[in-house]
Amino acid sequence: MTAPPNSFVTGRGTRLDFTSPILMGILNLTPDSFSDGGQYSDVESVIKHAKNLVESGATILDLGGESSRPGSEPVAPEEES
């Protein structure tokens, strides 16, 4: 069996080091999010929360652009980008 890599370079050139734990901050951007209820619905609050996540130690940010709630409406590709 091949050992997993110690690091990974993203498509944007950022090196992720896997020799210690990596924290991922999750930021749900949908108004029907089960965890925050659309708390981050404007650009200013999104940026503020993203900065707080990074300052708290997040190396990766997962930006949730579409709800996974059963029965939720899909988001058009144009809206996601």
Side-chain angles (χ1 to χ4, degrees):
M1 177 178 245
T2 305
N6 289 331
S7 65
F8 174 79
V9 178
T10 70
R12 295 184 181 202
T14 301
R15 178 174 296 280
L16 299 176
D17 180 2
F18 298 137
T19 58
S20 60
I22 295 175
L23 299 176
M24 178 169 65
I26 299 174
L27 181 52
N28 293 309
L29 304 175
T30 59
D32 65 347
S33 171
F34 68 90
S35 64
D36 62 33
Q39 186 175 349
Y40 309 108
S41 58
D42 61 272
V43 174
E44 291 81 19
S45 64
V46 168
I47 291 171
K48 181 179 178 181
H49 190 57
K51 286 181 178 180
N52 287 338
L53 290 169
V54 171
E55 289 170 0
S56 296
T59 302
I60 300 170
L61 295 179
D62 177 358
L63 306 179
E66 183 173 77
S67 177
S68 59
R69 178 183 54 78
S72 64
E73 293 293 321
V75 176
E78 300 81 28
E79 189 176 351
E80 278 192 272
S81 55

Checklist entry - Taking only residues two or more places apart in sequence, or in another chain, which ones meet S7 in a side chain to side chain donor-acceptor pair (under 3.5 Å)? => result R15
Using a 3.5 Å cut-off and no angle test, enumerate the donor-acceptor pairs between side-chain atoms of residues 56-63 and protein atoms at least two apart in sequence or in another chain.
| unit_1 | atom_1 | unit_2 | atom_2 | d |
| --- | --- | --- | --- | --- |
| S56 | OG | N52 | O | 2.8 |

Next on the checklist: According to ring pair (Phe, Tyr, Trp, His ring centres under 6.0 Å), does anything in residues 44-72 pair up with another residue at least two apart or in another chain? List the pairs.
Outcome noted: Y40-H49
Checklist entry - With sequence neighbours left out, which residue pairs that include part of residues 2-23 fulfil the ring pair (Phe, Tyr, Trp, His ring centres under 6.0 Å) condition? => result none
Checklist entry - In the single-linkage hydrophobic clustering (I, L, V, M, F, W, Y; side-chain heavy atoms under 4.5 Å), do V46 and V54 co-cluster? => result yes
Checklist entry - Using a side-chain heavy atom cutoff under 4.5 Å and only I, L, V, M, F, W and Y, what cluster partners does I47 have? => result V43
Item to check | Set of side-chain contact (heavy atoms from CB on, under 4.5 Å) partners for D17, sequence neighbours left out | outcome: T19
Checklist entry - Can you list the steps and then say if I22 with L16 is a side-chain contact (heavy atoms from CB on, under 4.5 Å)? => result CA-CA 8 Å; I22 295 175; L16 299 176; 4.2 Å; yes
